[in-house]
Each structure stands twice: as structure tokens, then as C-alpha cells.
Amino acid sequence: MAAHFHSFTLIFFILCGLIFQAWADNPISPGFPYGSKKVRGVNLGGWLVLEPWITPSLFDGTGNSAIIDEWTFCQFQPRNVAQSKLQNHWNTFYTEADFAAIAAAGLNHVRLPIGYWAFDVGPGEPYIQGQLPFLQKAVTWAGNHGLKLIVDLHGAPGSQNGFDNSGHKVSFPQWHSNSTNIARTNAIIKTLANMFKTNTNVVPAIAPLNEPAGFDGSAVLAATRQFWYDSYGNIRFPFGSSQQSNTLVIIHDAFQPLSYWNGFLTAPRYQGVAMDTHIYQIFSNSDVAMSQQGHINAACAKGSSLASFDLWTIVGEWTPAATDCAKYLNGRGIGARYDGSFPGSSFVGSCSGKSGAASSFSSSYKTFLRQFWEAQTITYEKGQGWIQWTWKTQAGAGEEWSYQAGLQNGWIPQNPTSRQFPNICG
Ligand SMILES: *[C@@H]1O[C@H](CO)[C@@H](O)[C@H](O)[C@H]1NC(C)=O
């Protein structure tokens, strides 16, 4: 009798343990089977947040060299001119046909950058609104074509990194040091979480802030850590504290090694969190000086940290480009490290035939792009997968970055799992 009692007790506790384990492993039902299916996708860069290098003609067409980002685009032109150019850009740069083509290319995700000013323009801020209907259209189009859409807040008030792609290029970011800026950002994340909390089959994830500038010091990192905690609450509990949402929170590593974030927002206490890391090998003199084989080796070397990190890890931005030659990539009017025209850099090689129109690329360069693309996708799938920057550029601009141009010119396969160089990483 006593023995029976003990084995029943034991079985009871084992069952409880298994149920708890199942709950802990699978506490939410995201709209995509993260953890078992690889993320393969593209960013929709330069659409709802302008970037000079993605659409250089929008900037060149202003005839004003002081227009270097979306802030100055709105500030230094008559408002009606800026408004109509933006409206035309939003209407034409992406259409449903792009979403159909992205799905046809075998991809399952799009990541859509949007700026805070789509939701909230403060006093003294020149930004022009009108992006939200396009966010809604993008969600509809993603749903129509079976794509998952990650909403990515790419620019916060004060700028979280000072980059032109945050909307406002500034010498030092002001987001983290100003509680009004942070409060405004939290309010937008609440709004986004509410907008999509019942449509997680199409919008499975929100990335509450792109690339906060952790390299600018501990004050940025401290504000970022607190903002991730606040975003966890806002995104995971939009129905109130007693009910979890099915929306994944995708935090960014703030340019720190993944190990910096060990144990941060991890299970079992926290559920439904993924890590986004961006991998570029072009934004330093030593990076652009690497050989083609060096670039491939550096990509392959990322596999073990991606595979072993304690949160699902997605490489949410990367590129097969191995130079910073794309016009305006380092900012409008600023040159490239690769050809020594960037301040403080020295000549590695000519940018001719390395960037611009794909029709100018040699077959050996396209073979390298294919090898580098395969090395990266093979490696990033050792983590949870990848989202390339970016689906398209304006025709002729930085096409080595364009997934669409890669498909058309053969350095990206029509099926993202097919390989010409399956052993590129050894
Ligand atoms: C903080 O940011 C807000 C805009 O979000 C701005 O109005 C305010 O002047 C800033 N405060 C300081 C001290 O810079």
C-alpha cells in the first residue's frame, strides 16, 4: 500500500513536472512556429522611413544638399512639396505586387521599419504623417500572401542612434537621456501592441526599437534595458496583467555581444522574447579591408554563438554586400571607406563594378555575392534564421543589397534553401 502510494505520488509529480515543462516551453502560440521553423525574410527598408541610399533620387531631386534624412526632407522644403513627394513614394515604392514576389521567392517574413512620427509628432518636429494607412495595407498584403510581418520601430523621439535611418541624423542620440522621449516611445509600443494583439497570425512579433546605440555608453544601455522590460509588459500583456498575448517581443542587442544579454528576459520567468542581431562587415576600415574569403570566414564563424544563445536569435539585418560603396550608404554626400573617400579611411579598391546597377557586376563578383549569401544564410539558420536588408532599392542604387536584384541576376536562388556552395562553411 505504502509502495503504491509512493509510486502514485511520484507519477503525480512527474506529470505535474511535464505539464509545467510543456507550459514553460510553449507558453504562447505565436503566429509562426519560432524555434522549429527557420525565419527567412526581407526588410522593407526605405519605404515608411526614408533612407538616402535606398532612394537617392528622392534626395537629389530636392536640389538641396542639406536634406540628408526624413527630418530635413520635411524641414527644408515647402510642406506641400515634401508631403506630395512622400505620398507618391509611399504609394509606389511598395505595392501588393512586392508582397506577392516576396512570397513567391520562398520567404516567410517581412520586417517593416516605421518611425515614431507616424504616431506622434511633437512641437518643433517637422515630420509629416500619413504612414499608418500604409502600415495597415502592408499587414493586409502580408496576410493575403501568407507572409508574417514584424513591425519594427526604427526611429524614436530624440533618435536612439543618431543614424539618418532613425529619421534624424544627430551627432549624439538624445532618446535615452530624456524621459519624455522614452515615455512617448512606450506609448507608441502600447498603441502597436493594441493594434495587432488580435491579428498575431499575420503580425506575430513587434520589435520595439531598432539599433539603440549601445556603443555610445552605459547610459544608452541602461535606458535600453529598462525599455526592453517596459516593452515586454506592453507587448506581452496588452489585455491586462492576467492574460498573455501571442505577440513575440524582439529586442535588439544594442551592438553588444550576445553574451552581454545572457539571462536577460529569459524563460521560465519571461515568455515570448527573441533576440535580434544585425551583422554587417562593412562599417569599419578593418572590415572593408578583408578579402572575399575573409568575409566568408567571418560569416561562418558566427554560427556557434547564434546557435547557443539562450533566446531565439534572428539575424534581422545583414547583406551580401562586402563594401560600403553604395552611394550615400554612410550618409548623403559622404564617401566610402572602401575607396578611401570616407574621412579617415584609406583606399582598398575601386567601387566601380562593386555597387550601383547589377548590370555593371562581373560574373566573378556575382559568384562571390552568391557565396557570401550562402555562407550567411547557412550560418544564420544555425540560429532562428535571417531577414536580409533589403528587398529592393531604387533602380540602379546599391543593387548588391537588393534581394530582388539578386533573384533577377542569379546571386540569390529562387528557392532560398537551394545551395550552389553547400560546403562553403566547411
Ligand atoms: C525632451 O524631449 C522632448 C521631446 O520628446 C522635448 O520637448 C524636450 O525639450 C526634451 N527635454 C530636454 C531637457 O532636452
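Order of listing sets the numbers, starting from 1, for every ligand and every atom in it.
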K.L.:
Taking the ring of Trp401 and the ring of Trp53, is the distance between their centroids below 6.0 Å?
P.N.:
yes
K.L.:
Can you tell me the protein heavy atom closest to atom 14 (O) of ligand 1 and the distance?
P.N.:
Asn178 ND2, 3.6 Å
K.L.:
Return yes when at least one protein heavy atom is under 4.0 Å from atom 2 (O) of ligand 1, and no when none is.
P.N.:
yes
K.L.:
How about Glu125 and Tyr116: does a side-chain donor come under 3.5 Å of a side-chain acceptor?
P.N.:
yes
K.L.:
Let me confirm one number: the CG-CZ distance from Leu135 to Phe196, rounded to the nearest 0.5 Å.
P.N.:
4.0 Å
K.L.:
Can a donor-acceptor pair be found, under 3.5 Å and without considering hydrogens, that links the side chain of Asn199 to the backbone of Pro204?
P.N.:
no
K.L.:
Considering heavy atoms of the protein only, find what lies nearest to atom 5 (O) of ligand 1 and give residue, atom and distance to 0.1 Å.
P.N.:
Asn181 OD1, 2.5 Å
K.L.:
Does only the side chain of Arg184 get under 4.0 Å from ligand 1, or the backbone, or both, or neither? Count heavy atoms.
P.N.:
side chain
K.L.:
If you count the atoms of ligand 1 from 1 in the order shown, which ones are under 4.0 Å from a heavy atom of Thr180?
P.N.:
5 (O)
K.L.:
When you measure from the centre of the six-membered ring of Phe59, is the NZ or CZ of Arg332 closer than 6.0 Å and no more than 45° off the axis?
P.N.:
no
